[in-house]
Amino acid sequence: MNYLWGGMILIGIIYGTVTGHLEEVSEAAIQSSKEAVSLCVVMAGVTALWVGMMRIAEKSGLLEAMEQRMQPVLNFLFPEMPPGNHPSRKSIATNLLANILGLGWAATPAGLKAMEELADLEEERRRKKQRAVPIGAASNEMCDFLILNISSLQLIPVSIIAFRTEYGSVAPTAIVGPAILATAVSTGIAIFYIKIRKYIYRKLFDR
């Protein structure tokens, strides 16, 4: 990415110099820098608000209650994951809840924690020789969890609403309806793919 963005900037400077528009390029760079700083301040406020609400929900026990309600969903999505109070269940549930609320920043730590716990689970299975897989190989649960995360699972696109508000949209929340529709389609396809992949994999490798 560093090379990509650096190359784009360099091409812009060279093009501006050749065409005699270097002054406009400089002004655009300065203006964009100002907008970037302003946008960072706005997003920091939005992030602080929603992450704070997640923390309040966690301290009040609301988050734990929602996680318990999500257990049937987790059983459907990750049928091979150990039942009960396995640590990965809480991390996955927290990640999914944060994503549903559009809190990608709050979802990232829980997602990383879930991946670590799922990796530990796969290592434990490997030690018990339940699965003959290479050390460090991603488990089915890790792949499925990654697929769900990249399917853009969210109901409230907080970041997009903040962007639209910052840039003067007259109806910044108008994106909510299309976002829910897009999420339903992308996540539905992701879940369908996960189930089909597991079915084919089980048929081929008897797992």
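What's counted below: heavy atoms across the whole structure, side chains too, no hydrogens, waters or symmetry copies.
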* Asked: Do Phe76 and Ile191 have side chains that get closer than 4.5 Å, going by heavy atoms?
  -> yes
*Joint hydrophobic cluster, Met142 plus Tyr193, side-chain heavy atoms closer than 4.5 Å*: yes
Those residues at least two apart in sequence (or on a different chain) that pass side chain to side chain contact (heavy atoms under 4.5 Å, CB included) with Ile56 are none
Applying side chain to side chain contact (heavy atoms under 4.5 Å, CB included) to Lys34 and not counting sequence neighbours gives Ile30, Gln31
Discussion item. Within the 4.5 Å heavy-atom criterion, are Glu141 and Ile92 side-chain neighbours or not?
Written reply: no
Side chain to side chain donor-acceptor pair (under 3.5 Å) with Arg89: of Glu117, Gln68, Gln71, only one passes, and it is Gln71
Grouping ILVMFWY residues whenever side-chain heavy atoms fall under 4.5 Å, the cluster of Leu10 otherwise contains Ile14, Val18
Is any side-chain heavy atom of Leu77 closer than 4.5 Å to one of Phe145? no
_Any side-chain to backbone donor/acceptor pair from Ser186 onto Ser151? Under 3.5 Å, distance only._
yes
Are Ile150 and Phe78 grouped together when hydrophobic residues (ILVMFWY) are joined by side-chain heavy atoms under 4.5 angstrom apart?
yes
Is there a side-chain contact between Asn140 and Ile194 (heavy atoms, below 4.5 Å)? no
Sequence neighbours excluded and cut-off under 3.5 Å, please list the side-chain donor-acceptor pairs for residues 169-183, or say none.
residue	atom	partner	partner atom	Å
Ser169	OG	Arg164	NH2	3.2
Ser169	OG	Ala171	N	3.3
Thr183	OG1	Ser152	O	3.2
Thr183	OG1	Gln154	O	2.6
Thr183	OG1	Ala179	O	3.0

So the salt bridge (Lys or Arg N to Asp or Glu O under 4.0 Å) pairs with at least one residue in residues 143-152 (sequence neighbours excluded) are Asp144-Arg197, Asp144-Lys198
Would a single hydrophobic cluster contain both Leu146 and Val73, if residues Ile, Leu, Val, Met, Phe, Trp and Tyr are joined by side-chain heavy-atom contacts under 4.5 Å?
yes
Linked, directly or transitively: Leu148 and Leu112 (ILVMFWY side chains, under 4.5 Å): no
For the hydrophobic clusters of this structure (ILVMFWY residues joined by side-chain heavy atoms under 4.5 Å, transitively), does one cluster hold both Ile196 and Val185?
no
Taken in chain and number order and not counting sequence neighbours, the residues that satisfy side chain to side chain contact (heavy atoms under 4.5 Å, CB included) with Ala93 are Glu67, Met70, Leu74
Interatomic distance, OG@Ser91 vs CG@Asn95, rounded to 0.5 Å, equals 8.5 Å
ask   = Side chains of His21 and Ser26: closer than 4.5 Å at any heavy-atom pair?
value = no
